Amino acid sequence: MAMCVEDRISSFLDPILCHILSFLPIKEAVRTSIISTKWRYLFASISTIKFDGYSMSGLTDRNIDSFKNFVDRLLKSPDQVSLDCFRLSHEICLWNDGDHDFDISGWICAALCRGVKEIDLQLGYLEDILPAVLFTCGSLVTLKLDAVGHKFKLYFRDSFFGDSIFSVINIQTPSLKRFILDFDLGGFGDLNYVVVINAPNLVYFQYSDVVAQGYTLSTMKSIEKAHISICGCDTIDSQTIATHLIQGICNVRSLRLTIDKVIFRTIRLPIFHNLIEFEFLGHGFNGRETWLVEFLHCVHNLKTLILNFSVVAGTQWKVLEVPFCLSFHLKKIEISRFNTYIIEIVLYFLDNAMILEKLIITMDNLTVTQKKKTRKQLL
């Protein structure tokens, strides 16, 4: 005799079922509509909508328009619940050609109208206009824009600075807590733009680009962590402009900084009162590694230092003035990309880091002979 299994899940309230469905890929959430009449339209009320490679798999020229219409109905139908997360990956852009013409901008606006808290847009291969409301939406907590390697039409507002016309990337979102802008447009010299960010409650900030024409950042009093990766160009004063960017994040507690020799040769650094962890990835310094010590003079309370950059011969580390943080606060140092020229740096830290507890050195790039020679020099 067959046993009757009670369907306890279907007895849950609709908000609970929708919350469960939000953890599923959109394809799987839609498939639950065949379970019963109760489940038929539940997927339309999920609070997380992500279109990625998995959701796009199996699409053909025959059914792509049906997919587009489904997304339109899912996002734009009235009386929808608020959204926690909306994500578009680059796979969806591969189908956005003249034959299909997805309303990407309309989809983003629909998500914003539903009070979305997190937006993640991977915009490679996308040529579309991001709506201006994306940068002023009051509900956003996390905004991630990934546009590496492609020229796309971001919403710009033209402004006049002296005799030049610049476009402005204007982020005005007081509720924003996480902001990632991977915006490598350095290959397109015709784009003159400045970056304006007014996000006083930002906790996490990640920014990758060549140095823009200018930066205006509101004071980020709550910022905890920042990843900044910038390189200079010869057409502008990269040092002065980059200083404005760094000054905007001077309250940060953990900073990962990637720069090149064009930037910060004579930079006017702010004091980082709260910085306790610093990771430095520089390249092409050619004997200007002592900039690191100049930076350490501005971080009095640093506890952890992570270094990942190549060194050339010629720097006289022994004569450098010892930063305050080395004597009283620095407890951990990690050094990678080790070569024989970096021994002076190691000795400098060993001689002056008075309360150092841990020193980690990675020597993966050295031969066995070089490793043995290095050990002898350090002993």
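What you see is a predicted model; the values in this text were computed from it and never measured.
- Aromatic ring centres of Phe328 and His300 lie farther apart than the 6.0 Å criterion allows.
- By the 4.5 Å heavy-atom criterion applied to side chains, Met220 and Asn251 are not counted as neighbours.
- Closest of all the heavy-atom pairs between Asn301 and Cys325 is N-CB, 4.5 Å.
- No single ILVMFWY cluster, assembled from side-chain heavy atoms under 4.5 Å apart, contains both Ile180 and Ile108.
- In plain terms, the two heavy atoms of Cys137 and Thr173 that are nearest each other are O-CG2, 2.8 Å.
- In this structure, Ile246 CD1 and Leu255 CG are separated by 6.5 Å, a value rounded to the nearest 0.5 Å.
- Contact of the Asp120 side chain with the Thr142 side chain is not registered, since no non-hydrogen atoms from C-beta on lie closer than 4.5 Å.
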* Would His329 and Leu302 satisfy side-chain contact (heavy atoms from CB on, under 4.5 Å), going step by step from the backbone distance to the final call? -> CA-CA 6 Å; His329 292 285; Leu302 192 69; 5.8 Å; no
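- Taking Lys117 as the reference, Asp84 meet the salt bridge (Lys or Arg N to Asp or Glu O under 4.0 Å) condition, with sequence neighbours excluded.
- At least one side-chain heavy atom of Leu245 sits under 4.5 Å from a side-chain heavy atom of Tyr207.
- In terms of hydrophobic clustering, with Ile, Leu, Val, Met, Phe, Trp and Tyr side chains grouped at heavy-atom distances under 4.5 Å, Tyr348 and Ile335 are assigned to a common cluster.
- The aromatic rings of Phe295 and Phe272 sit tilted relative to each other, their planes meeting at an angle between 30° and 60°.
- In this structure, Phe51 and Val71 approach most closely via the heavy-atom pair CZ-CG2, 3.6 Å.
- The only member of Lys177, Arg178, Arg253 that meets salt bridge (Lys or Arg N to Asp or Glu O under 4.0 Å) when paired with Glu224 is Arg253.
- Residues Asn198 and Pro200 are in side-chain contact: their nearest non-hydrogen atoms beyond the backbone lie under 4.5 Å apart.
- In terms of the salt bridge (Lys or Arg N to Asp or Glu O under 4.0 Å) criterion, residue partners of Arg256 (sequence neighbours excluded) are, by chain and number, Glu279.
- The two residues Thr48 and Leu83 make their nearest non-hydrogen contact at N-CD2, 4.4 Å.
- A continuous path of ILVMFWY side-chain contacts below 4.5 Å connects Phe179 to Val133, so both sit in one hydrophobic cluster.
- Cluster annotation: Leu275 and Ile355 are assigned to distinct hydrophobic clusters (Ile/Leu/Val/Met/Phe/Trp/Tyr, side-chain heavy-atom contacts under 4.5 Å, transitive).
- Expressed to the nearest 0.5 Å, how far CG of Leu257 lies from CZ of Phe278 amounts to 5.0 Å.
- Taking both residues in full, the closest heavy atoms of Ser175 and Ser139 are given as OG-C, 3.8 Å, listed atom of the first, atom of the second, then distance.
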Show your working on side-chain contact (heavy atoms from CB on, under 4.5 Å) between Phe205 and Ile228 and close with a plain yes or no.
CA-CA 8 Å; Phe205 179 41; Ile228 306 296; 3.9 Å; yes
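- Side-chain contact between Ile276 and Thr304 is absent, with no heavy-atom pair separated by less than 4.5 Å.
- Proximity of Gln172 to Val196: side-chain heavy atoms (C-beta onward) are separated by under 4.5 Å at one or more points.
- Counting heavy atoms from C-beta outward, Ile119 and Leu112 have side chains that approach closer than 4.5 Å.
- Note that the CD1 atom of Ile360 and the CG atom of Leu307 stand 12.0 Å from one another [nearest 0.5 Å].
- Side chains of Phe280 and Ile259 form a contact here, defined as non-hydrogen atoms less than 4.5 Å apart.
- Cluster annotation: Val203 is not connected to Ile171 through the hydrophobic network of ILVMFWY side chains, with a link wherever side-chain heavy atoms come within less than 4.5 Å.
- Here CG of Asp209 is found 7.5 Å from SG of Cys231. Values are rounded to the nearest 0.5 Å.
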Query raised in the report: Step by step, would you call Ile49 with Val116 a side-chain contact (heavy atoms from CB on, under 4.5 Å)?
Result: CA-CA 10 Å; Ile49 298 178; Val116 65; over 6 Å; no
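- Scored by the side chain to side chain contact (heavy atoms under 4.5 Å, CB included) test, Ser222 finds Asn201 as partners (sequence neighbours excluded).
- In this structure, the separation between CG on Leu359 and CD on Glu334 is 9.5 Å, given to the nearest 0.5 Å.
- Between Ser327 and Met354, the closest heavy-atom pair is O-CB, 3.3 Å.
- The line from CG of Leu181 to CG of Leu143 is 8.0 Å long, rounded to the nearest 0.5 Å.
- Donor-acceptor pairing under 3.5 Å is recorded for the side chains of Glu277 and Ser254.
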